[in-house]
Novice: 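Can you read through this structure? Questions will come right after.
Just so it is clear: chains get the letters A, B, ... in the order the sequence lines come, proteins before strands, and each one is counted from 1.
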Amino acid sequence: MRLKTTGRYQIILENVRQIPKGKVATYGDIARLSGFLNCARLVGYALNSLPDESTIPWHRVVNSQGKISFPKYSTAYKTQQRILKKEGIIFESERIDLKKYGWLQFNRFKIKR
DNA sequence: AACGTGACAAGGC
DNA sequence: AGCCTTGCCACGT
């Protein structure tokens, strides 16, 4: 559970740190911003490695559906939701409006295979 | 060096 | 709207 200081996700974590209060970004957004297209999973992997005392706003990262990527009744889920609400973000049936709160506003759904 | 994995994403049904 | 499958790719082991 150590925060590594080298490697790709150092970049990722720096970008997560830039997300302003009251906004959110998706895992895919952060991956693209960091220059790792299609590496959304890596972002989750990087956040998972954060120590508890980290000041990086991990809670401002949600999935592409605007939902929290933790099991609904887990403590992590509740913690994240509580912090986001405290920052002024409103949930509508467990979901965040990314049009309203999305930080980067990349063209989701644009990339095809 | 190979293999399984994940706090994901997109598409099909 | 959900659930399932497939694609993804760096990381750890």
Side-chain angles (χ1 to χ4, degrees):
Chain A
M1 311 40 184
R2 299 280 63 79
L3 173 59
K4 299 180 85 168
T5 54
T6 62
R8 307 289 189 280
Y9 55 75
Q10 177 73 7
I11 301 171
I12 290 172
L13 296 177
E14 277 309 307
N15 283 318
V16 171
R17 195 195 294 283
Q18 309 305 316
I19 306 173
K21 183 178 178 182
K23 292 288 184 181
V24 298
T26 70
Y27 295 91
D29 287 341
I30 297 298
R32 274 175 293 210
L33 177 64
S34 305
F36 310 123
L37 186 63
N38 294 328
C39 288
R41 304 187 77 141
L42 188 62
V43 176
Y45 195 78
L47 292 180
N48 190 41
S49 73
L50 288 175
D52 292 341
E53 64 272 21
S54 170
T55 58
I56 291 179
W58 57 271
H59 53 274
R60 295 177 192 149
V61 185
V62 297
N63 68 24
S64 63
Q65 304 172 75
K67 298 203 289 193
I68 290 174
S69 283
F70 283 116
K72 189 167 175 182
Y73 297 107
S74 65
T75 55
Y77 181 99
K78 293 177 194 162
T79 301
Q80 183 171 7
Q81 190 180 53
R82 175 172 49 74
I83 298 174
L84 289 176
K85 282 182 176 173
K86 198 170 66 176
E87 295 190 346
I89 287 172
I90 297 170
F91 285 77
E92 296 169 20
S93 57
E94 314 299 330
R95 196 166 311 198
I96 293 171
D97 184 350
L98 292 177
K99 293 237 186 343
K100 192 177 344 178
Y101 298 111
W103 176 41
L104 297 172
Q105 300 293 355
F106 279 117
N107 293 326
R108 250 168 281 288
F109 311 116
K110 181 162 188 172
I111 300 164
K112 304 216 186 295
R113 289 200 282 279

Novice: What is the distance, rounded to the nearest whole Å, between atom CD of A:Gln65 and atom P of B:dG11?
Specialist: 13 Å
Novice: On a heavy-atom basis, which atom in A:Tyr101 and which in A:Ile90 lie closest, and how many Å separate them?
Specialist: OH-N, 3.3 Å
Novice: Rounding to a whole Å, what distance do you find between A:Leu98:CG and B:dA10:P?
Specialist: 11 Å
Novice: Looking at every non-hydrogen atom in both residues, tell me the closest pair between A:Ile68 and A:Gln80 and how far apart they are.
Specialist: CG2-OE1, 3.2 Å
Novice: Give the nucleotide from the list B:dC8, C:dC8, C:dG2 with an atom nearest to the side chain of A:Tyr27.
Specialist: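 In terms of side-chain proximity for A:Tyr27, the closest of B:dC8, C:dC8, C:dG2 is B:dC8.
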Novice: Just jot down the salt bridge (charged side-chain N to carboxylate O under 4.0 Å, His left out) partners of A:Arg82, sequence neighbours excluded, or say none.
Specialist: none
Novice: How would you list, by chain and number, every residue that makes a side-chain hydrogen bond (donor to acceptor under 3.5 Å, both in side chains) with A:Thr75, sequence neighbours excluded?
Specialist: none
Novice: Calculate the interatomic distance between A:Leu37 atom CG and C:dG7 atom P; express it in whole Å.
Specialist: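 One finds 17 Å between P of C:dG7 and CG of A:Leu37, rounded.
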Novice: Strictly by salt bridge (Lys or Arg N to Asp or Glu O under 4.0 Å), give each pair with a member in residues 37-50 of chain A just once, sequence neighbours left out.
Specialist: none
Novice: Could you check A:Arg95 against A:Phe36 and say which one's nearest nucleotide on DNA chain C is further toward the 5' end?
Specialist: A:Arg95
Novice: Near DNA chain B, counting only heavy atoms under 4.0 Å, which residues of residues 66-78 of chain A show up?
Specialist: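 Of all residues in residues 66-78 of chain A, the ones placing a heavy atom under 4.0 Å from DNA chain B are A:Ser69, A:Phe70.
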Novice: Separation of A:Leu33 atom CG from B:dC8 atom C1', in whole Å?
Specialist: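 Result: 16 Å.
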Novice: Once you round it to whole Å, what is the distance between P of B:dC8 and CG of A:Asp29?
Specialist: 14 Å
Novice: Suppose we screen for side chain to side chain contact (heavy atoms under 4.5 Å, CB included). Which residues come up paired with A:Glu87, at least two apart in sequence or across chains?
Specialist: A:Lys21, A:His59, A:Arg60, A:Ile83, A:Leu84
Novice: Between P on B:dC8 and CG on A:Asn48, what's the gap in Å once rounded to a whole number?
Specialist: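 The answer, rounded to whole Å, is 10 Å.
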Novice: So do A:Tyr77 and A:Glu94 actually touch side chain to side chain, heavy atoms under 4.5 Å?
Specialist: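 Heavy-atom side-chain distance check passes, below 4.5 Å.
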Novice: Detail all sub-3.5 Å separations between protein N/O atoms and N/O atoms belonging to nucleotides 1-5 of chain B.
Specialist:
none

Novice: Nearest whole Å is fine: how far is B:dA7 P from A:Ile30 CD1?
Specialist: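 Rounding to the nearest Å, CD1 of A:Ile30 and P of B:dA7 are 17 Å apart.
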Novice: Mind checking A:Asn63 for me? I need base, sugar-phosphate or nothing, with any heavy atom below 4.0 Å counting as a touch.
Specialist: sugar-phosphate
Novice: Just how far, in rounded Å, is P of C:dC9 from CZ of A:Arg41?
Specialist: 12 Å
Novice: Under the rule for side chain to side chain contact (heavy atoms under 4.5 Å, CB included), what residues qualify as partners of A:Ser34, not counting sequence neighbours?
Specialist: A:Ile11, A:Ile12, A:Asn15, A:Ile30, A:Phe36
Novice: Using a 4.0 Å heavy-atom cut-off across all strands, classify A:Leu42 as base, sugar-phosphate, or nothing.
Specialist: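 If one applies the 4.0 Å heavy-atom cut-off, A:Leu42 turns out to touch the sugar-phosphate alone, with no base involved.
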Novice: Output all residues satisfying side chain to side chain contact (heavy atoms under 4.5 Å, CB included) with A:Lys78, sequence neighbours left out; order by chain, then residue number.
Specialist: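 Side chain to side chain contact (heavy atoms under 4.5 Å, CB included) check on A:Lys78 returns nothing, list empty.
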Novice: Could you work out which one of B:dA7, B:dA9, C:dC8 sits closest to the side chain of A:Leu47?
Specialist: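 Shortest atom-to-atom distance from the side chain points to B:dA7.
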